[in-house]
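Have a look at the structure below, then the notes.
Just so you know, these numbers come straight off a predicted model, no measurement behind them. A note on names: the letters A, B, ... follow the listed sequences, proteins ahead of strands, and every chain is numbered from 1.
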Number of protein chains: 2
Amino acid sequence: MTATPSEAPDSGTGARDSIAAAAPRDRKVTIDDVAARAGVSKSAVSFAFNGRPGVGEETKERILQAARELEWRPDARARALSRSRAQALGLVILRDPELVSTDPFFAQFVAGVESHLSTVGYALVLQVVDGQDAEKEAYSRFAREARVDGVFITDLRVDDERPSALAALGVPYVVLGSPEGEGSAPIGLDDAAGVRRAVRHLHALGHQRIAHVAGGDRYVHSRVRREAWESEMRRLGLEPGGVAQGDFTGGSGARATHELLDQTEAPTAIIYANDIMAIAGISAAIDRGLRVPQDLSVVGFDDIPLAPYITPPLTTVRQDVFRWGNACARTLVALIEEREHAPIDLPAVEFVVRGSTAKVPMPSETLPEGNE
Amino acid sequence: MTATPSEAPDSGTGARDSIAAAAPRDRKVTIDDVAARAGVSKSAVSFAFNGRPGVGEETKERILQAARELEWRPDARARALSRSRAQALGLVILRDPELVSTDPFFAQFVAGVESHLSTVGYALVLQVVDGQDAEKEAYSRFAREARVDGVFITDLRVDDERPSALAALGVPYVVLGSPEGEGSAPIGLDDAAGVRRAVRHLHALGHQRIAHVAGGDRYVHSRVRREAWESEMRRLGLEPGGVAQGDFTGGSGARATHELLDQTEAPTAIIYANDIMAIAGISAAIDRGLRVPQDLSVVGFDDIPLAPYITPPLTTVRQDVFRWGNACARTLVALIEEREHAPIDLPAVEFVVRGSTAKVPMPSETLPEGNE
DNA sequence: GTGAAAGCGCTAACAG
DNA sequence: CTGTTAGCGCTTTCAC
């Protein structure tokens, strides 16, 4: 492969990306410098910067001015030490190797959290771990090293030990998606409502055999979704027969779909615990010669950005993960600062109807045949 | 919608998830307590914990034992202050509202970074910002507040000011994907190679009109991909005619695809700058009555977990983002600690052939017709 | 109003 | 090898 470097444009950009780096530098401006420049004492500067009474309006302006000129900002480490507060929150994520990258949850949640933290000057410290032991260890280090003032618990598991462990460690926390509503915050994100909407939607289209691909019963949110499917089916007088276990990955979604479709009384519609599995499920169905939605209706969960752009566009349940993140951050900060939690309201779950659901096929027409 | 709470199983789990929270507790064990319990001085404990000479083997064991019993870990804030090192690294992410959640990059990169940091006791502090000004501000705060000892620069832009700004601030950094290779680390992740492979693959299948959907020329990696496509086309004696601008989102991928397919000399194959656009592109093509890959071959970039599970499975370029993260972390930590950078090698880019590419259609058969 | 002084919990010289 | 002594840079009483 001897490339002839002939008419390469204005490149020079050897087609090779790389990791570049650069090193540090000189000394540091401290509160003393600012005090000196403003002609006041350290404490005056401190007071001015923390918006406390006891500093004259004019003096304050002079101090702020001096700080600006020196480009000074209070050193977070020193401040953390003297206030015994890290001014940081922790998020530890259990990295299911494949999942973490697919799941739209992670990034959006983090963005939501940040959207509040940045307004209150807290930082977010992240830790990605690869097992439950490491996870436990991570929380405990966060706590004992006092790196953070509080932590988020996400992906709550059934019989999760984290809340009690953290309580024992004396670390403030918020848990997202606890069905008990223990502690504070009567607001809730309602996975169940989304699933119920999905069931009713399909039922209204005439479907009777509505199956479910679950996401693993270890997770509370996953179990909640399955239970909601079950109970809504019953409520409508339908038998919640077909369930298949998935694990939120595409592969599991495809497998579960085949499993369901292999049954003698195959479903005419499937509700998946997330979009990834649903999309993989659509492919699996197509591979079997079924048409979606004519022969099989599919509903996902999450509304990932890709959902409108697959064929057919995916009908799904939309969660506003960003808002959750914001709400969680707000709650946790309030808790830490022992203020009243501002009342928090989360938007109701949305059900987005797109092209992957349709009327139930006429019993006789179920055979795959012909186009469109 | 009056639900009849009849045969609900072992629920009680009111179908409502929520945010729960709990609050803090008592006082803190310090290095003095450990020293007292071990019958030594503070400094002995400090030395023992930092693995420095000057502590007898037996004494050391006694100290460690005492620490264990007291469940003591050095306070990260105090340690940070006295060593003038935060023992933390910063990552600021520019949140393209939609993109951040789709992009497999973010989560995997973070996971990779962590995979090294956790072994050396550094924390990762994250900041998500929503504009270039906020981004700049974030970096500068990280630096001036000394919250972190170094930062990562990702998604390098053309004429990016961050490297010089950080250098001016005296903050160590590594930039991922700099084509200049300035500074250190001669290792590189080679986007260009991936694209060249894609072009050759399609060429080998007989394609001549191979178009490209780019990802926005502001980003270096995006430009590199486009340029690689161009130069490889020329090298093979083909005219790099069809380019359409996308922005890495599904919507832009669909639009760009229609644009390309509307041309009089429509392409028989399209290489997309990422998988999201490619998948949306496939849908767009299908909407026009084309079959993929029979009428149009499609190549993506990234190999997102969903890629094998769409219809048809996506041929794409796989990047080992996790490894980059690890490498970047390794490099940055070495830089901060002024050690020699352990030589770093990144795996070569992989080209994954799946079902979305096929031989070029016979000129006469291009009409959409019939199955398979 | 303002400034001196005592920590926050640890690290790192420095004598013993 | 061990203990004493200053800081790290900021916050925060408490006199002035």
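- For B:Asp320, the side-chain contact (heavy atoms from CB on, under 4.5 Å) test picks out B:Phe322, B:Arg323, B:Pro347, with sequence neighbours left out.
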Worksheet, complete the sentence: For nucleotides 2-12 of chain C, 5' to 3', base contacts (B), sugar-phosphate-only contacts (S) and non-contacts (-) with protein non-hydrogen atoms under 4.0 Å give BBB--BBBBBB

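- Applying the side chain to side chain donor-acceptor pair (under 3.5 Å) test to B:Asp130 and every residue at least two apart in sequence or in another chain returns nothing.
- By the side-chain contact (heavy atoms from CB on, under 4.5 Å) test, A:Ala329 pairs with A:Val113, A:His116, A:Leu117, A:Phe152, sequence neighbours left out.
- For DNA chain D, the outermost nucleotides in 5' to 3' order that have an atom under 4.0 Å from a heavy atom of chain B are D:dC1 to D:dG9.
- Direction of the helix axis in the helix from C:dG1-D:dC16 to C:dG16-D:dC1 shifts by 40° between the two five-pair termini, rounded to 10°.
- Judged as a ring pair (Phe, Tyr, Trp, His ring centres under 6.0 Å), the pairs with a partner in residues 53-93 of chain B (not counting sequence neighbours) are, in order, B:Phe49-B:Trp72.
- B:Arg77 is linked by a side-chain contact (heavy atoms from CB on, under 4.5 Å) to A:Ala80, A:Ser84, A:Ala86, A:Ala146, B:Lys28, B:Asp75, counting only residues two or more places apart in sequence or in another chain.
- For residues 124-143 of chain B, no residue pair satisfies the ring pair (Phe, Tyr, Trp, His ring centres under 6.0 Å) rule, not counting sequence neighbours.
- In this view, A:Glu137 satisfies the salt bridge (charged side-chain N to carboxylate O under 4.0 Å, His left out) rule with no residue, not counting sequence neighbours.
- A search for side chain to side chain donor-acceptor pair (under 3.5 Å) contacts involving B:Ser140 returns B:Arg144, not counting sequence neighbours.
- Partners of B:Arg157 by side chain to side chain donor-acceptor pair (under 3.5 Å), not counting sequence neighbours, listed by chain and number: B:Glu135.
- Between A:Gln65 and A:Arg62, the side chains place no donor N or O within less than 3.5 Å of an acceptor N or O (distance only, hydrogens not considered).
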